[in-house]
Every structure is written in structure tokens, then in C-alpha cells.
Amino acid sequence: MRTTIQLRDKQFEILLPQAVIEERIKELAQEISRDYAGTCPIFLAILNGSFLFAAELLKAIPIECEITFLRVASYQATESTGKVTEVLGLKEDITDREVIILEDIIDTGLTMAAIREQLLAQHPKSLAIASLFQKPEALQTPVVIEYLGFELENKFVLGYGLDYDGLGRNLSDLYILCE
Ligand code: IMP
């Protein structure tokens, strides 16, 4: 296991090793399996960042369930409406379904708040959030995370699905930016 890495112009050091991350994911999987026993929830994994979290979590969930993968597009609409976040790729009908969103990290919370609002418009039976990481100090809008892996300090991280300028998603440990 390398303890520091260089990506482009930045140096990162290891924060959480794979074994620690995956142990916590197993705990989340057990909690979710308990809470959703007897239902058939649909997991909506937000690409690209959640692909490793989603894979590891779903392998540890024995109950009947579905999974699908979504993307989020973020763009400036007009000066007055500001930034718009749009959920793309949802073909399944989630009306009256038990829905669990899978996200890699919640930073300001703005992306998740927008995703939630759009999904709620389709009237799911329930809507929960599972996020592997969160930076509580960075939160700009209230977001309730039903299943949270780890709280992190307010610094840039990469690895385990998270990227820096497109790189590093494949790293199996979580790294944090060196000062
Ligand atoms: P938010 O809208 O500020 O909560 O941003 C959420 C998205 O920003 C996440 O899904 C990530 O894709 C990305 N992001 C936020 N913080 C980090 C980080 O420290 N490293 C890599 N990506 C991040």
C-alpha cells in the first residue's frame, strides 16, 4: 500500500485504507438489509463516483432488490435561475417504490438536494440517502443522510471512486490532499 501519491500537480496521502472502508460498507449493508427486509428497494447509484461503493454495498445485501445507475448534469441555465442540476438516465418507474440513492460524497449538499427534489416529484413510497462520505463543515443546505459511511474533514479527497481531474477513481484506498 503506497502511503503518498502524486497526481498531476498535487500530493495526496492515505486517509482510509480499503479494508476500513469495506468493513464500514458491510455494516451499512446489514443495516439496509434489516430496514428493507420484505420490501424490494431500488438503489439509484449516482455515476461516476459511486461505482465502487455501489458494487461493494450490493454484494453484501442479500434481500431482493434492484439497482440502476444515474448521471447528474449540472449547468448554468440563466443568470436569474442560476445553476440547474438535472438527473439523467432514470428509465424505471419509481412511483410507490422504496428508493435508496447511493452517492460517493456529500460536500455542499447542493447536488443531493436537487436530486432528491427531482426524485420526490415522481412520488416514491420512500426515499433514503446512502453516502459513503460526507464533509459536514462544507454543507450549505440541510441534507439528511440515512446511511453514512464516514464523516471527513473539509479537505479534498480522492480514490475509491472519487477523482481529481478525472484521475484516481481506481485507487482502492481513500487519499486526502496534503497541505
Ligand atoms: P456537492 O453538491 O458539493 O455536495 O458535491 C457533490 C459532488 O462533488 C460529489 O458527488 C463528488 O462528485 C464531488 N466532490 C465533492 N467533494 C469531493 C472531493 O473531495 N473529491 C472528489 N470529488 C468531490
Side-chain angles (χ1 to χ4, degrees), residues 1-18 20-22 24-25 28 32 42-58 67-78 81-90 99-121 127-179:
M1 187 197 332
R2 286 178 298 167
T3 52
T4 65
I5 51 159
Q6 173 92 25
L7 277 186
R8 301 211 198 281
D9 55 328
K10 302 237 183 314
Q11 187 93 16
F12 296 87
E13 62 188 340
I14 201 151
L15 181 66
L16 295 171
Q18 179 180 7
V20 172
I21 298 171
E22 293 184 349
R24 181 72 187 122
I25 294 177
L28 294 179
I32 292 172
I42 179 164
F43 291 92
L44 307 182
I46 310 298
L47 293 173
N48 293 329
S50 74
F51 76 107
L52 288 182
F53 173 42
E56 203 56 34
L57 185 82
L58 268 284
I67 182 162
T68 192
F69 295 86
L70 307 181
R71 277 181 181 280
V72 169
S74 190
Y75 55 91
Q76 190 73 31
T78 64
T81 53
K83 253 187 148 192
V84 171
T85 299
E86 200 182 344
V87 175
L88 305 174
L90 182 59
V99 176
I100 305 168
I101 307 170
L102 302 182
E103 180 62 298
D104 53 356
I105 188 163
I106 294 178
D107 187 24
T108 62
L110 296 172
T111 308
M112 185 51 80
I115 294 172
R116 230 184 139 262
E117 198 179 313
Q118 283 173 51
L119 295 176
L120 280 174
L127 183 61
I129 297 170
S131 183
L132 185 52
F133 305 113
Q134 188 207 0
K135 298 179 196 165
E137 286 163 33
L139 213 57
Q140 288 180 18
T141 187
V143 175
V144 175
I145 307 170
E146 282 79 4
Y147 304 97
L148 175 64
F150 299 88
E151 288 192 345
L152 305 179
E153 61 178 303
N154 192 7
K155 276 196 199 171
F156 192 82
V157 289
L158 97 158
Y160 213 86
L162 292 149
D163 75 308
Y164 168 52
D165 200 15
L167 298 177
R169 292 195 196 277
N170 55 314
L171 297 168
S172 48
D173 306 301
L174 188 76
Y175 290 80
I176 190 161
L177 187 64
C178 295
E179 287 304 334

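Since this is a predicted model, take the numbers as computed values, not measurements. We're numbering straight along the sequence, starting at 1. In each ligand, atom 1 is the first atom listed, and ligand 1 is the first ligand listed.
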Which heavy atom of V20 sits nearest a heavy atom of F150, and at what distance? O-CZ, 3.6 Å
What closest approach, in Å, do T3 and Y175 show between heavy atoms, and which atom pair accounts for it? O-CE2, 4.1 Å
Only heavy atoms of T108, strictly under 4.0 Å: list the atoms of ligand 1 that pass. 1 (P), 2 (O), 3 (O), 4 (O)
Measuring from the heavy atoms of G49, does anything fall under 4.0 Å of ligand 1? no
For the pair D173 (side chain) and Q18 (backbone), establish whether a donor and an acceptor sit closer than 3.5 Å, ignoring hydrogens and angles. yes
Quick note on ligand 1: atoms under 4.0 Å from a heavy atom of F156 include exactly 18 (C), 19 (O), 20 (N), 21 (C)
For the student: nearest non-hydrogen atoms of A128 and Y147, plus distance: CB-CE1, 4.3 Å
Ligand 1 versus L162: contacting region, heavy-atom distance under 4.0 Å: side chain
Short N/O distance, under 3.5 Å, between L158 and ligand 1? no
Closest approach of D163 to L158 (non-hydrogen atoms, all atoms of both residues): C-CB, 4.3 Å
In terms of residue, atom name and distance, what is the protein heavy atom nearest to atom 20 (N) of ligand 1? V157 O, 2.6 Å
With a 3.5 Å distance limit and no angle check, can you tell me whether Q6 reaches the backbone of R8 through a side-chain donor-acceptor pair? yes
Just jot down the ligand 1 atoms closer than 4.0 angstrom to any heavy atom of T111, in number order. 1 (P), 2 (O), 5 (O), 6 (C)
Hey, which atoms in ligand 1 end up nearer than 4.0 Å to a heavy atom of D104? 9 (C), 10 (O), 11 (C), 12 (O)
A138 to D107 - nearest heavy-atom pair and separation: CB-OD1, 3.2 Å
Considering non-hydrogen atoms only, spot the tightest contact between Y75 and E86 and give its length. OH-OE1, 3.2 Å
Pick whichever of R169, Q134, E103, K135 has a heavy atom sitting closest to atom 19 (O) of ligand 1. K135
Counting heavy atoms only, name the option from V143, D107, I105, T85 that's nearest to atom 13 (C) of ligand 1. I105
Does some non-hydrogen atom of the protein lie less than 4.0 angstrom from atom 2 (O) of ligand 1? yes
In ligand 1, which numbered atoms sit nearer than 4.0 Å to a non-hydrogen atom of D163? 21 (C)
